[in-house]
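My structure is below; once you've seen it, I'll send some questions.
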Amino acid sequence: MARLAQTAGLTDIQQEILSTVRDFVDKEIIPVATELEHRDEYPQQIVDGLKELGLFGLMIPEEYGGLGESLLTYALCVEEIARGWMSVSGIINTHFIVAYMLKQHGTQEQKDHFLPRMALGEVRGAFSMSEPALGSDVSAISSKAVKDGDEYVLNGQKMWLTNGGSSNLVAVLVRSDEGHPEGTAPHKSMTTFLVEKEPGFGEVRPGLTIPGKIDKMGYKGVDTTELIMDGLRVPANRVLGGTTGRGFYQMMDGVEVGRVNVAARGCGVAQRAFELGVSYAQQRHTFGKQIAQHQAIQFKLAEMATKVEAAHAMMVNAARKKDSGERNDLEAGMAKYLASEYCKEVVEDAFRIHGGYGFSKEYEIERLYREAPMLLIGEGTAEIQKMIIGRRLLEEYRLQG
């Protein structure tokens, strides 16, 4: 059967990687995803399989034991994985962002220490910006680091850590006034710390507590947590890049590629919703014929397929722009905004096609219906994306004179 969202111009290696991931999704993820999701069970067997495939090192350079692939290859793999179960793509995404930040901004010692083990999946990453009292306003971060000899002492509470319990390395953004006089712009007095810890919950190292999982409407299986720092001591050599005051820029660079990832997740979930909708429409009969033969349903399928194709094209464009070394915040913002909104709409249309059965937990579309809303807020809300897009458009189209 022909599939939507095909990508032109891929190399033989890229096509082979995607074929392998697609087979894994069809055989190892889709058959068990709904059952695991309903139990809110961490998919350890699936994660082990992804480690064997080398997915945790997909974009880590070959010199550190990774596959050295492009952001496009990674995004297309994420699209396939999210088509199977979005939570699994989230497990990989946070790890990928930390590995990317290390590759782009880490000291040589930090790269040598972390990246080879991250490529193997032995070190698993999470990153932390948000706090209980703030959402998109990163400049309002109140968690703080104070220098004490060759260490920093960190205090504060962070929120919404994907992989907060299962990870053993967390990139944490905090305020660090050392070397930055009063009155310095907030984004210039932030630092990213690389915090190593034990996996699990409770006190995972002295001064660091990971409370239990946050109970969520969807996006289950993957652990989402808080992080509490109370006198947490971190060596100075675990400042990302070795210099304080650069954390905001480092995190925004990571979030920028994370937006491409979220767009890819939206594409994958929408693709699966379309598959479920078009399949059910050919099985269900009303008024003596398949509901797929009713014009109203055909119109829905046409709209759904067009949205899947459009979101995929924008996601691919954003990834290729980043791979080229060019600035891509405009393209990434557009892709994330469109893909997440279209995903919500495609999932809802598939839900409507299922009728009353879509409300039953026996049908996969019920799970997708609860998962899609997370993409509307992850890596920046639609409103934040519109602000980014609008500002960049005004830069590009500024009147002269």
Just grab all the salt bridge (Lys or Arg N to Asp or Glu O under 4.0 Å) pairs involving residues 62-75, residues at least two apart or on different chains.
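Not a single pair qualifies under salt bridge (Lys or Arg N to Asp or Glu O under 4.0 Å).
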Would you sort out whether E345 and K307 count as a side chain to side chain contact (heavy atoms under 4.5 Å, CB included), showing the intermediate values?
CA-CA 9 Å; E345 293 170 11; K307 289 173 181 178; 2.7 Å; yes
Show me the donor-acceptor pairs, under 3.5 Å and distance only, between side chains in residues 148-161 and residues at least two apart or in other chains.
unit_1 : atom_1 : unit_2 : atom_2 : d
D148   : OD2    : R233   : NH1    : 3.0
D148   : OD2    : R233   : NH2    : 2.9
E151   : OE1    : R233   : NH1    : 3.0
Y152   : OH     : E178   : OE1    : 3.0
N155   : OD1    : G231   : N      : 2.7
Q157   : NE2    : E226   : OE1    : 2.4
K158   : NZ     : M129   : O      : 2.8
K158   : NZ     : E131   : OE2    : 3.2
K158   : NZ     : L173   : O      : 2.7

Above 12 or not: heavy atoms from other molecules or residues under 6.0 Å from CD of Q45?
no
For a side chain to side chain contact (heavy atoms under 4.5 Å, CB included) with F248, tell me which candidate from M252, Q250, M251 qualifies.
M252
For a side chain to side chain contact (heavy atoms under 4.5 Å, CB included) check, start with the C-alpha distance between D230 and T209, then their side-chain angles and the critical distance, and finish with the verdict.
CA-CA 8 Å; D230 184 11; T209 299; over 6 Å; no
Should E331 and K321 count as an ion pair when the cut-off is N to O under 4.0 Å?
yes
Report the residues that fulfil side-chain contact (heavy atoms from CB on, under 4.5 Å) with T94, sequence neighbours left out, ordered by chain and then residue number.
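side-chain contact (heavy atoms from CB on, under 4.5 Å) list for T94, sorted by chain: F127, T162, N163.
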Is atom CD of Q282 surrounded by more than 12 heavy atoms (other residues, nucleotides or ligands) closer than 6.0 Å?
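Yes, CD of Q282 has more than 12 neighbouring heavy atoms, counting only those of other groups under 6.0 Å.
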Side chain to side chain contact (heavy atoms under 4.5 Å, CB included) for R370 and K220? Distances and angles first, verdict last.
CA-CA 10 Å; R370 288 183 288 103; K220 293 179 179 290; 4.1 Å; yes
Determine, for E379 against K336, whether the closest basic-nitrogen to carboxylate-oxygen distance falls under 4.0 angstrom.
no
Return the set of residues passing side chain to side chain donor-acceptor pair (under 3.5 Å) with D23 (not counting sequence neighbours), or none when no residue passes.
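With sequence neighbours excluded, D23 shows a side chain to side chain donor-acceptor pair (under 3.5 Å) to no residue whatsoever.
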Which word best sums up how the rings of Y280 and H354 line up, parallel for under 30°, tilted for 30 to 60°, or perpendicular for over 60°?
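Parallel, since the angle between the ring planes stays under 30°.
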For residues 312-351, which residue pairs pass the ring-ring contact (aromatic ring centres under 6.0 Å, His included) check, not counting sequence neighbours?
F351-Y369
State whether E303 and K300 are salt-bridged, where the test is any N-O pair (Lys NZ or Arg NE/NH1/NH2 against Asp/Glu carboxylate O) under 4.0 Å.
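No, E303 and K300 are not salt-bridged.
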With T107, which residues qualify under side-chain contact (heavy atoms from CB on, under 4.5 Å), at least two apart?
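For T107 the side-chain contact (heavy atoms from CB on, under 4.5 Å) partners, ignoring immediate neighbours, are E109, Q110.
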Other residues, nucleotides, ligands: >12 heavy atoms within 6.0 Å of E362 CD:
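For E362, atom CD is not crowded (no more than 12 foreign heavy atoms under 6.0 Å).
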